[in-house]
2 protein chains.
Amino acid sequence: MTDTEERPKGARGRAPALRRTRQRRAVLDTLGRCREFVSAQELHALLADSGSTVGLTTVYRTLRELDRAGLVDVVRDDGGERMYLRRPAGEHRHHLICRGCGRSRPVDSEPVEEWAARLAEITGFTQLQHTLELSGVCARCAAPPS
Amino acid sequence: MTDTEERPKGARGRAPALRRTRQRRAVLDTLGRCREFVSAQELHALLADSGSTVGLTTVYRTLRELDRAGLVDVVRDDGGERMYLRRPAGEHRHHLICRGCGRSRPVDSEPVEEWAARLAEITGFTQLQHTLELSGVCARCAAPPS
DNA sequence: TTCGTTGCAAAAGGTTTGCATACCA
DNA sequence: TGGTATGCAAACCTTTTGCAACGAA
């Protein structure tokens, strides 16, 4: 069990003072264009393809920032690799990912949210967090390969 | 934890023919004694402490076998490390883990199971699998440091 | 000028694999 | 005996970090 170190999310009102750099803009832009989850490595490759020279390190760092800022949804693929998808609204969403084609679709997870909330009451646990990874095989991929 | 579904890994009815070796017995035994999730590395350390000489590789391999056989629940900690906990019955369970002390407690996840089942119908996805990681701060850890 | 940002190379860390050896059945 | 299982070392991979150079404000 890795002990989670204290991380007071409610940081002192300090403004991070993010700078708008060419690299960050490129990452944000490319990520925004992705409709499916992408890994840092994939994103780095995409950036390279589009001619943007952005270091892999920077991609990782930027993605981490976005995660902290709650601007992306993050899941882990089977290999433990983190996958990112830009989050439209401020709400966190859950996605159902097809193991065949990799496409994902957001799902209504209200029941889960409610259940989690109830769980907090029942167990006395506070600051509940949950990560939900859903996968399956979509109708198209399940269909006969004709 | 992942819903264990059929392993269509093209398994031609071959019998795995597991052998009962000293190492496997030791791993199984030590794992069975653990009441909380443990990582492969931790398990390896525990084995070493108890005098059992089992290679780390073997621990990893055995754990993977157990996972495939659906005999353990697996979660990933914040660092992406896999944590294992022997599964009592054949049922898969979800656990709520305290970020303070690391202790876990199984929770009733029926609502989630039902929701997932309904989701399958609605979306047309088949062979749904889900992994749910729940964490929070237990009452004891949240209590004032007296 | 200042100090956040970048990027390369290297370090970390967990997990897997190659391969010769040991051993259960 | 034959095919498994083991274990060491090396390989793999993703992610992080050290540090000198860079550039937005």
Side-chain angles (χ1 to χ4, degrees), chain A residues 1-5 7 11-12 14-31 37-48 51-69 72 74-85 131 133, chain B residues 2 9 11-12 14-31 37-48 51-69 72 74-85 131 133:
Chain A
M1 197 91 10
T2 332
D3 59 324
T4 343
E5 88 270 26
R7 206 170 9 128
R12 299 255 136 269
R14 296 199 319 74
L18 289 203
R19 282 184 187 170
R20 199 172 302 117
T21 66
R22 171 181 65 74
Q23 292 90 333
R24 288 225 245 255
R25 226 164 340 209
V27 170
L28 232 8
D29 187 63
T30 302
L31 180 60
F37 282 89
V38 289
S39 67
Q41 310 265 359
E42 288 173 334
L43 193 52
H44 180 246
L46 285 174
L47 283 161
S52 297
T53 316
V54 179
L56 180 57
T57 303
T58 298
V59 174
Y60 272 110
R61 283 194 278 235
T62 304
L63 248 19
R64 207 206 298 157
E65 295 296 317
L66 292 176
D67 181 22
R68 283 182 185 152
V72 289
V74 187
V75 300
R76 274 182 193 289
D77 72 358
D78 295 331
E81 193 176 9
R82 274 193 268 267
M83 310 285 288
Y84 304 81
L85 180 61
T131 301
E133 250 124 72
Chain B
T2 306
K9 305 280 186 184
R12 299 254 142 273
R14 297 198 319 73
L18 289 202
R19 282 184 188 171
R20 201 174 299 116
T21 65
R22 171 182 66 73
Q23 292 89 333
R24 288 223 245 255
R25 227 165 338 212
V27 170
L28 232 8
D29 187 62
T30 302
L31 181 60
F37 283 89
V38 288
S39 66
Q41 311 263 359
E42 288 172 335
L43 193 52
H44 179 247
L46 285 175
L47 283 162
S52 298
T53 316
V54 179
L56 180 56
T57 303
T58 298
V59 175
Y60 271 110
R61 283 194 278 235
T62 304
L63 248 20
R64 206 203 301 155
E65 295 296 317
L66 293 175
D67 180 23
R68 283 183 183 151
V72 290
V74 187
V75 300
R76 275 186 189 301
D77 73 358
D78 296 330
E81 193 175 9
R82 274 191 269 266
M83 310 286 288
Y84 304 81
L85 180 60
T131 300
E133 250 122 73

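Order of the sequence lines sets the chain letters (A, B, ...), proteins ahead of strands, with each chain counted from 1. Below, each value reflects all heavy atoms present in this structure, side chains not excepted, and no hydrogens, waters or symmetry copies.
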Any N or O donor-acceptor pair linking the side chain of B:Arg61 to the base of D:dG7 at under 3.5 Å?
yes

Which protein N or O atoms sit under 3.5 Å from an N or O of nucleotides 20-25 of chain D?
from: D:dG23; atom 1: N2; to: A:Arg19; atom 2: NH1; distance (Å): 2.6

Please report the closest heavy-atom contact between B:Val54 and B:Arg22, naming both atoms and the distance.
CG2-NH1, 4.4 Å

Beyond-backbone contact of A:Leu63 with A:Leu66, side-chain heavy atoms, under 4.5 angstrom
yes

Whole-Å distance separating the CG atom of B:Leu47 from the C1' atom of D:dG7
14 Å

Run through B:Arg76, B:His44, B:Arg82, B:Glu81 and flag the one making a side chain to side chain donor-acceptor pair (under 3.5 Å) with B:Ser39.
B:Glu81

Whole angstroms only, please: what is the CG-P distance between A:Asp77 and C:dT15?
14 Å

Within less than 4.0 Å of OP1 or OP2 of D:dA5, is there a side-chain N or O belonging to B:Arg24?
yes

Under 3.5 Å, is there a donor-acceptor pair between the A:Tyr60 and A:Glu65 side chains?
no

Heavy atoms only, 4.0 Å cut-off, all strands: where does B:Thr53 land among base, sugar-phosphate and nothing?
sugar-phosphate

Do A:Glu42 and A:Tyr84 get their side chains close enough for a donor-acceptor pair, meaning under 3.5 Å?
no

Rounded to whole angstroms, how far apart are CZ on B:Arg64 and C1' on D:dG7?
15 Å

Under-3.5 Å N/O pairs linking protein and nucleotides 13-15 of chain D:
from: D:dT15; atom 1: OP1; to: A:Arg82; atom 2: N; distance (Å): 2.9
from: D:dT15; atom 1: OP2; to: A:Tyr60; atom 2: OH; distance (Å): 2.7

The nucleotide from C:dT6, D:dA9, C:dA9 with an atom nearest the side chain of A:Thr57 is C:dA9

Does any non-hydrogen side-chain atom of B:Leu85 lie less than 4.5 Å from one of B:Val72?
no

Smallest separation among heavy atoms of B:Leu31 and B:Val38, with atom names
CD1-CG2, 3.8 Å

According to ring pair (Phe, Tyr, Trp, His ring centres under 6.0 Å), who are the partners of A:Phe37, at least two apart in sequence or on a separate chain?
A:His95

In whole angstrom, give the distance that lies between atom NE2 of B:His44 and atom C1' of C:dG13.
15 Å

